[in-house]
Amino acid sequence: MTSKNNLLKKNFIVETINLTKKYGDITAVNNLNLQVEEGTVFGLLGPNGAGKTTTILMLLGLTEPSSGQAFVAGYDSTRNPIQVKSIVGYLPDNVGFYEEMTGIENLLYTAALNGIPKNQAKIRIEQALERVGLKDTGKRRVGEYSRGMRQRLGIADVLVKDPKLIIMDEPTLGIDPEGIHDLLNLIKDLAHQDGRTILISSHLLHQIQKICDKVGIFVEGKLMASGTIDELQHQLAGGSDHVEIELKTVPFDDGLLKICQKINGVLNYQWSEDYLLLQCEQDVREELSKKLYENNYLPLHLQLRGISLDSIYLRYFQKEEGYGGGFS
Ligand code: ATP
């Protein structure tokens, strides 16, 4: 049995143990064992109805598990909801603000609700607005904000509480491409620069892939796989599939083939106009790079084939009988 101390030692800010939620005959979350390391961005990915929101509600202590446990920073979410609330900031998919009030007034209101003294709140609000790039906009009425600005204000609203963990539900929904780019960079910085942990629930693969350190693929209440994109690719290969590597170098000649053939694990090759395609037992890119360097071959392109979250998703979902949904 994992104790609270063990959880803290491993620096998992989120850990669930056999977490299960049933609504009558429906098992919304099924024996979930999830671990999220501190200071990382974790993407909880899955189609509608997969059980993402139910998981979040249990983490927040807003709904009780049918069985199993959810911990945030070592606190049991069911037994210590107040401590958990003080550590977590939650950004729902549609943040509600008072339209007639300015951004700053809205944030002051939330700060008051959270019992933050006004002087301290003002300092935190200024810092939070600056962090999300709304320093000048904070004085304008929220009714005039774009959807992207509202999301930023939502993040500022969460930051005023100074949370260690921020949970975001579909943060990029309805935002234009440029806004999405900026928002994703901001989210990444909140983790990698500021040391907060971000748990994003989403079905928007392409966007989330860019910023997540790890992802969990959730289907019908079950976590099908969890890890970095590379790890998921490895799991997908199941140890039996071969890895394909695309390689283009300067020079691009027969000498390149001789270098590749000497590397352990390279099984086969095929030339194309654009690159040399290597079939390998495992990912040999590190060894390959060294040998290329030693032999004065400059790698222009050195890439594993077919690693996209999309392909990983599709593979997992195809394994699920009866799943016929799409993602975008
Ligand atoms: P979405 O992105 O659509 O919100 P989700 O992945 O967040 O999907 P959940 O909302 O957690 O999924 O729902 C998981 C399953 O549990 C669904 O089958 C849903 O119908 C069911 N469910 C969720 N909340 C309740 C409830 N209060 N009562 C009964 N069933 C529920």
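In each ligand, atom 1 is the first atom listed, and ligand 1 is the first ligand listed.
Protein heavy atom closest to atom 12 (O) of ligand 1, with residue, atom name and distance, is G51 N, 3.0 Å. Here the protein heavy atom with the shortest distance to atom 16 (O) of ligand 1 is A28 CB, 3.2 Å. Here the protein heavy atom with the shortest distance to atom 1 (P) of ligand 1 is G49 N, 3.8 Å. Nearest non-hydrogen protein atom to atom 11 (O) of ligand 1 is T54 OG1, 2.5 Å. Of the protein's non-hydrogen atoms, the one nearest atom 10 (O) of ligand 1 is T53 CB, 3.7 Å. At the shortest separation from atom 27 (N) of ligand 1 among protein heavy atoms lies Y23 CE2, 3.6 Å.
For ligand 1, the atoms sitting less than 4.0 Å from at least one non-hydrogen atom of P47 are 6 (O), numbered in the order shown with element in parentheses.
For atom 19 (C) of ligand 1, the protein comes within 4.0 Å by no heavy atom at all. The protein reaches atom 24 (N) of ligand 1 closely, with a heavy atom under 4.0 angstrom from it.
In this structure, Y109 places its OH atom where only 12 or fewer heavy-atom neighbours from other residues, nucleotides or ligands lie under 6.0 Å away.
Under the 30°/60° scheme for interplanar angles, the aromatic rings of H301 and Y275 are found to lie parallel.
In this structure, G46 does not count as a contact residue of ligand 1, since none of its heavy atoms falls inside 4.0 Å of the ligand.
The residue among K52, E220, H203 with a heavy atom at the shortest distance from atom 2 (O) of ligand 1 is K52.
Ionic pairing of D194 and R131 is present here: one or more N-O contacts between side-chain nitrogen and carboxylate oxygen are shorter than 4.0 angstrom.
At a cut-off of 3.5 Å, with distance as the only test, no side-chain donor of D157 or N106 sits close to an acceptor on the other residue. For the residue pair Y297 and D253, a side-chain donor N or O sits within less than 3.5 Å of a side-chain acceptor on the partner. For the residue pair T197 and E38, no side-chain donor N or O sits within less than 3.5 Å of a side-chain acceptor on the partner. With 3.5 Å as the limit, one finds a donor-acceptor pair spanning the side chains of Q35 and E15.
Judged by the 6.0 Å distance and 45° axis criteria, K248 is positioned over the aromatic ring of F252.
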